[in-house]
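This report concerns only the one structure given below.
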Amino acid sequence: MLDVRRFRTEPEAVRAGLVRRGEDPSTVDEVVALDAESRRVSAQRDAVRAEVRALSNEVGSLFREERNEEAAELQEQSRLLGAEEKGLDARVDELAAELRHRLLRIPNLPADDAPDGGGEADNVVVRVEQYDPDAYDEHQRVPHWDTAEQLGLLDVERAVKLSGSMFVMYRGAGAALVRALCQLAIDRNVDLYEEVRPPTLVRTDTMVATGHLPKFVDEAYHMERDDLWAVPTAEVPLTSLGRDEILDEAALPRRFVAHTSCFRREAGSAGKDTRGLLRVHEFDKVELLAYCMPEQAPDLHAEILARAEGTIRDLGLAYRILDLCAGDLGASAARTFDIEVYAPGADRWLEVSSVSWFSDYQARRANLRYRPAAGKGTEVLHTLNGSALAVPRVWAAIVECYRRPDGRIDVPELLRPYLRGLEVLG
RNA sequence: GGAGGGAUGGCAGAGCGGACGAAUGCGACGGUCUUGAAAACCGUUGGGCCCUCACGGGUCCCGUGGGUUCGAAUCCCACUCCCUCCGCCA
């Protein structure tokens with residue numbers, strides 16, 4: 001959520017930011033008007049209320065002095081004011097709710113240095129690593145869904161029997177590989193990041209804090225009976241972990257790493273990327289997330305990117321880094337770098353991590369604050385996050401890249417300790 | 001799931017219709033004293049919103065939402081959460 005104050009103090013900047021995203025900037029005027037009206041009415045309400053309080057105190061002391069008639073007179077006066085106050089109060093609530101409703105649906109402003117552009121095609125390729133299009137042999141040009149089914153590592157057919165399309169089941173060494181990848185990603189980050197295992201069913205507030213609600217209701221699984229939502233990423237519980245808390249400056253930055261299942265309905269993407277592991281409803285992911293002061297954010301953004309990238313690099317996969325343009329940024333993000341791995345079998349670049357800086361957008365929704373060591377009062381934190389490792393696509397890229405001429409899969413060096421020394425899958 | 005009890009400031013804990021943003025204790029911070037520290041003493045010590053360059057002022061917040069009242073932490077209703085006991089259970 002953007003700070004309403006920005007709408008009053010720099011409406012042009014807000015408008016410009018929304019335009020860069022391709023959003024309709026007319027909401028800015030609506031918010032400005034609502035905000036002005038809301039403050040006007042609440043000031044009025046406060047004044048009336050102050051008078052009622054003063055009168056009531058007066059009534060109290062008059063009764064104590066047994067000057068009952070005078071008291072009764074003031075009582076009547078206060079009653080009338082009370083009625084007026086009630087009306088104003090209702091109006092204040094109404095305006096506040098309306099304002100919040102608007103603000104919750106307005107996306108974050110892109111960072112100044114995020115590239116311009118309207119969509120995917122305008123994203124800037126920052127660099128490409130470990131990729132040589134001519135280096136792949138025929139045996140690596142087999143899609144993972146074929147290889148993995150043949151080797152018994154993946155059982156999509158039975159997963160569909162259990163849960164429907166876009167659910168998958170890993171089996172044997174394939175299941176072990178999932179576990180190995182998660183543990184690898186956690187182990188590489190616990191030096192600095194606190195390991196957390198959060199709940200994966202969360203309340204509505206928790207989903208609202210990260211920006212997944214109300215805008216993206218259709219993307220989320222909802223348990224109606226208990227009014228709980230299945231998290232689409234550990235970002236959701238980790239962001240709310242500190243909700244409504246005030247941290248000391250000395251405690252910052254706070255860093256967390258969490259492995260969770262992630263659930264996504266993938267509404268609107270029916271028929272797209274449906275083969276194998278390209279897009280699934282439920283998957284494992286290890287997420288990195290940090291709370292920090294604004295001035296710490298650039299360094300942390302670089303740090304999280306470096307860590308996510310390091311794991312992919314050390315797994316020996318080809319990848320590239322994209323700087324997302326304003327028009328392609330997620331609603332809550334101010335700046336995002338995507339990491340995409342190259343899958344030679346599917347012959348596609350697969351997004352495996354989105355490393356985002358959310359400025360104070362999520363923190364304001366979550367009411368995440370800190371107390372500066374110097375000065376007084378509280379400030380809103382900044383949040384950042386990125387996938388340390390998202391299993392299905394990395395799993396797929398490994399199966400394709402490391403496929404040997406005999407159709408079996410070499411286990412990347414890095415993962416062998418996590419697979420009891422296993423060198424070949426299948 | 002059944003039966004009871006509870007929710008107040010950083011923590012502990014009073015208050016149960018009138019001057020209560022809230023006693024008291026602890027903690028924290030500042031000061032006096034001290035070579036330094038401790039002890040003692042004095043003082044300060046929540047957050048949101050609005051107005052103000054500022055000083056300051058107004059208002060809201062005693063789990064949440066509603067109600068009664070001139071006036072609610074205090075009374076009423078609903079909800080949520082927590083604790084204890086019983087049942088069930090990985």
Side-chain angles (χ1 to χ4, degrees), chain A residues 1-9 31-104 197-209 223-229 237 240-252 254 261 291 360 363-381:
Chain A
M1 188 160 66
L2 297 173
D3 189 344
V4 224
R5 278 171 284 221
R6 294 187 71 178
F7 288 79
R8 339 199 247 271
T9 58
V31 168
V32 169
L34 266 171
D35 174 51
E37 176 67 358
S38 161
R39 279 179 304 133
R40 190 183 67 77
V41 179
S42 75
Q44 204 179 334
R45 190 262 327 257
D46 283 1
V48 173
R49 196 172 265 175
E51 204 169 333
V52 170
R53 280 175 62 115
L55 282 173
S56 293
N57 283 337
E58 189 68 12
V59 170
S61 39
L62 286 174
F63 271 132
R64 242 166 291 126
E65 292 166 25
E66 303 198 356
R67 294 156 69 182
N68 294 351
E69 283 188 21
E70 292 167 71
E73 210 170 295
L74 285 188
Q75 239 178 43
E76 183 52 30
Q77 210 175 319
S78 182
R79 195 198 320 269
L80 286 162
L81 275 175
E84 182 183 347
E85 190 228 297
K86 216 166 204 171
L88 287 168
D89 197 39
R91 181 75 185 129
V92 169
D93 286 350
E94 214 176 280
L95 288 165
E98 177 64 17
L99 189 57
R100 183 176 163 77
H101 178 90
R102 296 292 168 95
L103 286 174
L104 281 179
R197 186 79 193 197
T200 45
L201 295 182
V202 300
R203 297 179 197 270
T204 301
D205 290 350
T206 304
M207 290 286 279
V208 170
M223 323 283 137
E224 204 165 322
R225 183 171 173 146
D226 299 291
D227 194 18
L228 288 169
W229 303 80
S240 280
L241 185 149
R243 196 163 74 214
D244 297 322
E245 293 187 28
I246 302 172
L247 277 54
D248 283 328
E249 175 175 331
L252 297 168
R254 291 295 309 273
S261 291
Y291 303 162
D360 59 5
R364 182 165 294 103
R365 285 167 168 256
N367 197 21
L368 279 174
R369 292 172 296 170
Y370 72 100
R371 209 184 300 279
K376 51 180 178 158
T378 58
E379 300 287 338
V380 179
L381 285 166

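Side chains are part of it too, since the values below use all heavy atoms of this structure and drop only hydrogens, waters and symmetry mates. This structure is a prediction, so every number in the text was calculated from the model and none was measured.
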Tell me what A:R40 touches on the nucleic acid: a base, only sugar-phosphate, or nothing, going by heavy atoms under 4.0 Å.
nothing
Indicate, with a heavy-atom threshold strictly under 4.0 Å, whether A:R100 touches base, sugar-phosphate, or nothing.
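No contact.
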Phosphate-side-chain proximity, [X] and [N], N/O vs OP1/OP2 below 4.0 Å:
X     : N     : answer
A:R49 : B:C49 : no
A:R79 : B:G71 : no
A:R53 : B:C60 : yes
A:R39 : B:G58 : no

Considering only the [atom1] atoms, how many Å lie between [N] and [M], rounded to the nearest integer?
N     : M     : atom1 : result
B:G87 : B:C77 : P     : 32 Å
B:C11 : B:U59 : C1'   : 28 Å
B:C62 : B:A7  : C1'   : 10 Å
B:U32 : B:C20 : C1'   : 33 Å
B:G48 : B:C86 : C1'   : 44 Å
B:U68 : B:A73 : C1'   : 16 Å

Mind calculating the distance between CD (A:E85) and P (B:U68) to the nearest angstrom?
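The answer, rounded to whole Å, is 13 Å.
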B:C79 pairs with, by Watson-Crick or G-U criteria that keep both distances under 3.5 Å:
B:G63
What's the verdict on salt bridge (charged side-chain N to carboxylate O under 4.0 Å, His left out) for A:D3 and A:R5, showing C-alpha distance, side-chain angles and the deciding distance?
CA-CA 5 Å; A:D3 189 344; A:R5 278 171 284 221; 3.3 Å; yes
Where along residues 241-249 of chain A does a heavy atom come under 4.0 Å from RNA chain B, residue by residue in number order?
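Within residues 241-249 of chain A, no residue comes under 4.0 Å of RNA chain B.
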